[in-house]
Amino acid sequence: FTITIEEFKAKLETTLKDKFGDGFIRVESSTSVSPSVAGDMLNQGLVAILYAILGIVLYIMLRFDIRYAPGAIVALAHDVILVTGAFSVAQIKFTMPIIAAVLTIAGYSINDTIVVFDRIRETIDKFKGAPMEKIINHAINSTLSRTLLTSITTLMAVLSIFLLGGGLIRDFAFAMCIGIVVGTYSSIFVASPLFLALHS
């Protein structure tokens with residue numbers, strides 16, 4: 001199907017005039033984006049995701065230790081791949097709001113990972129000489145209630161947007177629902193075990 005925006009604008013104005021009469025004044029503005037511009041915007045969004053991940057990894061390397069960075073990288077890649085995979089399975093178009101959702105998920109996931117890593121670092125200083133498995137287990141257990149409460153309350157808010165919202169906001173909420181679940185378990189079951197493997 002080919003849609004000419006100007007023709008659609010004229011048809012819309014006519015329909016609104018017929019329906020509302022003198023109550024309708026005019027269409028204030030109308031814009032359109034060509035396929036090439038939309039493609040450029042999508043490519044720029046994907047590059048933004050890559051830069052965000054690199055920036056997050058650099059922050060972890062500076063804030064903690066280089067041994068923490070691989071766990072964070074794998075956890076982030078894991079989250080992004082699973083969310084985009086879910087969109088492929090659900091046959092939902094990959095649009096700019098979805099890129100915004102992926103960036104939000106990356107930030108949400110790394111926040112959980114940093115909380116766990118910070119507690120691991122504190123526990124290492126507190127129990128010097130203890131086995132690393134016990135240190136990581138203690139750190140995860142001490143942050144588990146905080147992680148679950150944050151994830152559940154955020155998921156409830158996003159789920160309500162998904163069920164009651166419409167259009168592009170629903171796709172954004174769908175991505176966030178998957179990202180919250182994936183991001184929560186990746187910081188515990190992906191990032192921490194990888195740190196343990198590198199530390200052993």
Side-chain angles (χ1 to χ4, degrees), residues 45-90 98-162 172-200:
L46 294 172
V47 170
I49 291 173
L50 181 64
Y51 284 156
I53 290 173
L54 290 174
I56 288 166
V57 170
L58 184 64
Y59 167 75
I60 288 173
M61 287 171 64
L62 294 173
R63 166 86 191 253
F64 295 101
D65 189 316
I66 198 158
R67 291 172 301 176
Y68 291 91
I73 294 169
V74 172
L76 273 176
H78 165 272
D79 298 346
V80 170
I81 288 167
L82 279 183
V83 170
T84 52
F87 272 84
S88 297
V89 170
I98 306 309
I99 291 173
V102 170
L103 286 169
T104 308
I105 290 160
Y108 186 89
S109 171
I110 205 65
N111 181 53
D112 270 351
T113 306
I114 285 170
V115 167
V116 173
F117 280 173
D118 208 29
R119 191 54 60 90
I120 288 171
R121 188 176 62 175
E122 286 174 9
T123 313
I124 287 171
D125 293 339
K126 192 175 180 182
F127 301 106
K128 288 186 177 178
M132 189 53 67
E133 294 90 341
K134 289 188 177 179
I135 288 172
I136 292 173
N137 191 42
H138 181 274
I140 289 171
N141 284 334
S142 62
T143 58
L144 192 60
S145 60
R146 173 256 172 217
T147 301
L148 288 177
L149 286 172
T150 304
S151 298
I152 289 167
T153 51
T154 311
L155 187 62
M156 286 168 64
V158 174
L159 199 58
S160 65
I161 294 171
F162 175 71
F172 179 88
F174 175 70
M176 287 299 297
C177 285
I178 296 165
I180 288 166
V181 174
V182 167
T184 301
Y185 85 76
S186 70
S187 58
I188 297 169
F189 297 111
V190 177
S192 301
L194 192 54
F195 170 74
L196 175 62
L198 290 171
H199 195 278
S200 301

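In this text the structure is predicted, and so the values were computed from the model without any measurement. The figures here come from the full heavy-atom set of this structure, side chains too, leaving out hydrogens, waters and symmetry mates.
At a threshold of 4.5 Å between non-hydrogen side-chain atoms, the residues Val190 and Leu194 do not count as touching. Within the 4.5 Å cutoff, no side-chain heavy atoms of Ile110 are placed close to those of Tyr59.
In terms of heavy-atom proximity, Cys177 sits nearest to Phe162 at SG-CB, 4.5 Å. Of all the heavy atoms in Ser151 and Asp112, the pair that sits closest is OG-OD2, 4.1 Å. Nearest heavy-atom pair, Val116 versus Ser192, reported as atom, atom and distance to 0.1 Å: CG1-OG, 3.4 Å. Between Ala52 and Leu103 the shortest heavy-atom distance is CB-CD2, 3.6 Å. The shortest heavy-atom contact between Phe117 and Ala191 is CZ-CB, 3.9 Å. Taking every heavy atom of both residues into account, Arg67 and Phe195 meet most closely at O-CD1, 3.7 Å.
Side-chain atoms of Asn141 come within 3.5 Å of backbone N or O of Asn137 as a donor-acceptor pair. When atom types are taken as modelled, the side chain of Ser109 and the backbone of Ala106 share no donor-acceptor pair closer than 3.5 angstrom.
Aromatic ring orientation, Phe127 versus His138: perpendicular (interplanar angle above 60°, classes split at 30° and 60°).
When only modelled atom types and interatomic distance are considered, Arg119 and Ser142 share a side-chain donor-acceptor pair under 3.5 Å.
Atom CG of Leu149 and atom CG of Leu144 lie 9.5 Å apart (nearest 0.5 Å). The CD1 atom of Ile188 lies 9.5 Å from the OG1 atom of Thr113; values are rounded to the nearest 0.5 Å. A distance of 4.0 Å separates CZ of Phe172 from OG1 of Thr104, quoted to the nearest 0.5 Å. Rounding to the nearest 0.5 angstrom, the gap separating the OG1 atom in Thr150 from the CG atom in Leu155 is 12.0 Å.
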